[in-house]
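All remarks here apply to the structure that follows.
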Amino acid sequence: MSKTVPTYEQDTERCKKFLEEFVRTDGGASQDEDTSYKTQLLDVANRKSTSVTIHLDDVQEYDHDLADAIAGNTKRYLEMFSAAIDQIGVQPTDEVADMSPLDVFVSHRRLLMETSQSAQGREENRMEQHRTRYPPSLLRRYSVLFQPPSQDKRMSIRQVEACHIGKLVQLEGIVIRSTPVKPQITVATYACERCNSEIYQTITSPTFMPMTVCNSDICVTNKWNGRLQMMCRGSRFQKFQELKIQEMAKDVPTGHVPRTMTVHAYGDVTRCASPGDQIIISGIFLPKPHQGFKAIRAGLLSDTYLEAQSIEQVKKTHTNTSLDEDTREELMDISREISDHSTYDRLAASIAPAIHGLVDVKKALLLLLVGGTDRHMADGMKIRGCVNVCLVGDPGVAKSQLLKEVTVLAPRGVYTTGRGSSGVGLTAAVTKDQYTGELMLEGGALVLADMGVCCIDEFDKMDESDRTSIHEVMEQQTVSIAKAGITTSLNARASILAAANPLYGRYNPNKTTQQNVNLPTALLSRFDLLFLLLDRPDMDNDTRLAHHICYVHTHNDYPPTAESTPFDKEVLRNYITMAKERVPTIPRDLTDTIVGAYLAKRKEMTENPNIQYTGARTLLAILRLATALCKLRIHETADAKVTRDDVEEAIRLMEVSQASIEESKGGVRDLEDPTDEIYRIINGLQAGGNGQVEVKLARTQATYSGFTPEQFDDCINHYEDLGVWFVNEAKTKIVFVEA
């Protein structure tokens with residue numbers, strides 16, 4: 001026997017019973033605190049909420065057939081649930097303090113109708129009742145939204161076909177464009193100049209023709225042809241925003257172009273996503289007929305769009321991410337249980353653990369993800385806190401893989417290449433709005449990466465005219481536009497991670513860095529750290545690298561390490577989010593240390609013309625790196641202050657990045673044996689003295705030269721065992737035996 005199809009009234013009654021009878025059980029699919037939908041209806045009546053969200057998990061638990069019917073014909077059941085809510089008619093329990101102009105308008109008309117009915121009989125007042133009748137959508141102060149079942153599989157834009165028209169679908173994509181939120185009329189109210197009747201026009205299409213002639217019974221009977229005037233105060237408007245999403249790169253087949261889809265958002269679903277956000281969106285897939293001459297040209301074809309029901313961001317920025325108390329306590333325990341230095345090393349090792357070595361480069365990338373603190377001066381000047389890093393090296397040293405890994409870890413990461421990017425694609429383009437015809441700006445890669453990281457691969461292959469657009473972003477953190485009569489500045493508060501290859505394919509040690517990279521000094525000085533990654537033959541290092549690669553390909557995982565286990569990506573992302581919330585300060589007692597390090601680097605640049613340029617930006621880079629290191633100590637609940645160790649580690653990273661360039665030139669120093677190099681530093685400090693050197697001074701000089709504290713301690717112990725010197729009991733002085 002064929003299954004009986006329920007009527008409209010029967011379906012509306014089923015929706016009404018569900019809203020009245022369903023009570024959410026503990027451990028259900030939904031995690032909301034409400035136990036029934038009456039709580040949502042009461043919040044709507046009390047003007048605490050403007051939407052009623054129906055979870056299809058709850059509907060399946062109550063009536064499986066009804067849930068299937070909703071998923072297959074969602075647009076029809078939106079009206080049914082709205083009618084069921086109107087029939088329930090929950091009355092407010094709290095006094096409504098702020099009434100909108102439409103509320104005042106409707107209450108005044110209802111009072112007028114009641115007064116007229118009491119003064120005259122019902123038969124005589126029939127015309128008045130007809131004149132004061134309201135369409136249901138005018139009186140509704142809510143919108144009905146459907147939440148898809150939790151077990152529904154997410155689809156890509158390419159998988160949505162004609163068979164999904166009218167159904168509830170769930171997609172994953174990246175927002176590439178969003179329009180400003182504008183009011184869209186849903187019910188137009190007119191007043192007749194002749195008979196004073198009120199006429200209501202319900203609008204369900206994108207365009208409509210306003211009424212001009214009154215069609216009330218009074219005007220029709222008397223043949224008055226009264227003219228209508230629209231009353232904006234008595235009309236109903238709703239928020240409207242159009243988004244355009246693009247399918248994820250992982251869903252694009254080889255050789256194909258990513259597809260896009262238009263999304264219409266109404267009411268509470270607006271302002272839920274910005275360009276550059278990766279979102280999961282559920283909505284109703286609907287056709288959009290062409291209007292006017294486009295309909296003649298299109299023939300039987302029709303555009304499609306998605307009417308959004310819910311939007312969820314996959315990777316939220318640190319300002320939008322709210323970590324629960326359990327997660328925060330777990331991260332605090334991680335920071336307390338192990339020392340600061342081991343936490344720093346383990347966090348850095350968690351970045352691309354499948355890539356062998358590059359320890360200091362990974363530490364620099366960790367500080368780039370955490371970032372410093374923006375400084376706003378009293379006169380309005382702003383000093384950026386974002387850290388910029390450039391990786392230059394031979395082919396095959398995993399530069400692009402590191403960029404991809406940072407894009408995944410960053411809450412908002414944009415990856416682009418130099419050859420495939422233009423100046424307009426990086427900054428902003430002028431487009432025309434299809435509804436109003438107005439000129440508007442569409443953000444490029446740097447604008448989309450606002451409050452995130454923009455990774456630019458093949459940086460050296462960009463055209464010089466396109467590369468100049470990055471100068472302002474790297475220092476002022478803005479993009480200035482003066483196009484087509486639009487003069488404005490867009491925020492581009494993003495960290496820049498660039499990767500470049502040498503001009504001659506491989507690095508030529510006989511040429512300077514500027515000649516090898518072919519980048520101007522004005523641009524290189526804007527990078528806080530510049531690492532040179534060379535592929536040099538070395539038996540021991542090549543053996544470890546080969547074993548590492550073979551293990552990764554054999555076990556499909558990175559090899560275990562004896563020191564520590566890398567953190568999971570989600571834990572690392574949450575740790576970075578919590579670290580970015582901190583605002584450290586720099587104490588005054590560190591001023592002499594920072595100034596001394598800066599003057600030493602300036603003096604070194606004067607003595608050696610071939611060394612990398614050192615200027616005021618170098619000093620700011622030290623402060624940014626030290627602030628980022630202080631942020632990693634999230635267990636310090638008091639006012640965070642930068643310590644001397646933070647400054648020394650920041651200087652060490654700059655020395656290591658500079659040493660990589662010096663080594664390529666045939667070096668001012670050879671770092672093959674750090675113990676001997678540290679011995680020369682300590683021996684130079686005691687020359688001409690009494691044979692004693694302060695440990696604190698020696699450690700600081702070794703750190704400034706790019707050596708780690710572990711290497712310094714190994715040198716002290718090594719030469720103490722040889723009897724060259726000994727350290728006093730207070731561990732404050734090194735005394736040479738010869739003295």
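Computed from a predicted structure; not experimentally measured. Along the sequence shown, residues are numbered consecutively beginning with 1.
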Is [X] reaching over with its side chain to a backbone N or O of [Y], donor-acceptor style, under 3.5 angstrom?
X	Y	result
Gln241	Ala265	no
Thr12	Met80	no
Asp63	Asp65	yes
Ser235	Thr189	yes
Arg141	Leu138	yes
Tyr415	Val406	no
Gln10	Thr7	yes

Atom [atom1] in [X], atom [atom2] in [Y]: separation rounded to 0.5 Å?
X	Y	atom1	atom2	answer
His256	Glu247	NE2	CD	9.5 Å
Asp268	Ser310	CG	OG	12.0 Å
Ser274	Met451	OG	CE	12.0 Å
Thr478	Asn491	OG1	CG	7.5 Å
Ile174	Lys244	CD1	NZ	15.0 Å
Glu79	Asp86	CD	CG	8.0 Å

Residues forming a ring pair (Phe, Tyr, Trp, His ring centres under 6.0 Å) with Tyr8, sequence neighbours excluded: none

Residues in ring pair (Phe, Tyr, Trp, His ring centres under 6.0 Å) contact with Tyr305, at least two apart in sequence or another chain: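 Expected list: His264.
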
Evaluation steps, salt bridge (Lys or Arg N to Asp or Glu O under 4.0 Å), between Glu172 and Arg158: CA-CA 11 Å; Glu172 185 176 6; Arg158 195 176 297 270; over 6 Å; no

With a 4.0 Å cut-off on N to O distance, would you call [X] and [Y] a salt bridge?
X	Y	value
Asp11	Arg76	yes
Asp277	Arg412	yes
Lys569	Glu405	yes

Where do [X] and [Y] come nearest, in terms of heavy atoms and distance?
X	Y	result
Cys386	Ser495	CB-OG, 3.3 Å
Gln40	Thr53	OE1-N, 3.0 Å
Ala410	Val453	CB-CG2, 3.9 Å
Leu369	Lys580	O-NZ, 3.4 Å

NZ or CZ of Lys239 within 45° of Tyr266 ring axis and under 6.0 Å: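 No.
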
Are a donor atom and an acceptor atom from the side chains of [X] and [Y] found within less than 3.5 Å of each other?
X	Y	value
Glu472	Gln477	no
Thr417	Asp457	no
Gln147	Gln309	no

Check against salt bridge (Lys or Arg N to Asp or Glu O under 4.0 Å), Arg573 and Glu570: CA-CA 5 Å; Arg573 191 178 291 117; Glu570 191 63 29; 3.1 Å; yes

Between Tyr77 and Phe146, ring centroids under 6.0 Å: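 They do not qualify: ring centres at least 6.0 Å apart.
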
Output field: ring centroids Tyr200/Tyr190 closer than 6.0 Å: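 Distance test on ring centres: not under 6.0 Å, no.
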
Within 6.0 Å of CZ in Arg140, more than 12 heavy atoms from elsewhere: yes

Pair Glu20-Lys38, salt bridge (Lys or Arg N to Asp or Glu O under 4.0 Å): steps then yes or no: CA-CA 7 Å; Glu20 291 178 335; Lys38 290 184 179 179; over 6 Å; no

Side chain to side chain donor-acceptor pair (under 3.5 Å) between Ser51 and Ser143, intermediate numbers included: CA-CA 5 Å; Ser51 62; Ser143 59; 5.1 Å; no

Residues forming a salt bridge (Lys or Arg N to Asp or Glu O under 4.0 Å) with Arg271, sequence neighbours excluded: none

Salt bridge (Lys or Arg N to Asp or Glu O under 4.0 Å) between Arg259 and Asp251, intermediate numbers included: CA-CA 10 Å; Arg259 294 187 181 180; Asp251 299 328; over 6 Å; no

Aromatic plane relationship, Phe22 with Tyr62 - under 30° parallel, 30 to 60° tilted, over 60° perpendicular: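 Answer is perpendicular, since the angle exceeds 60°.
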
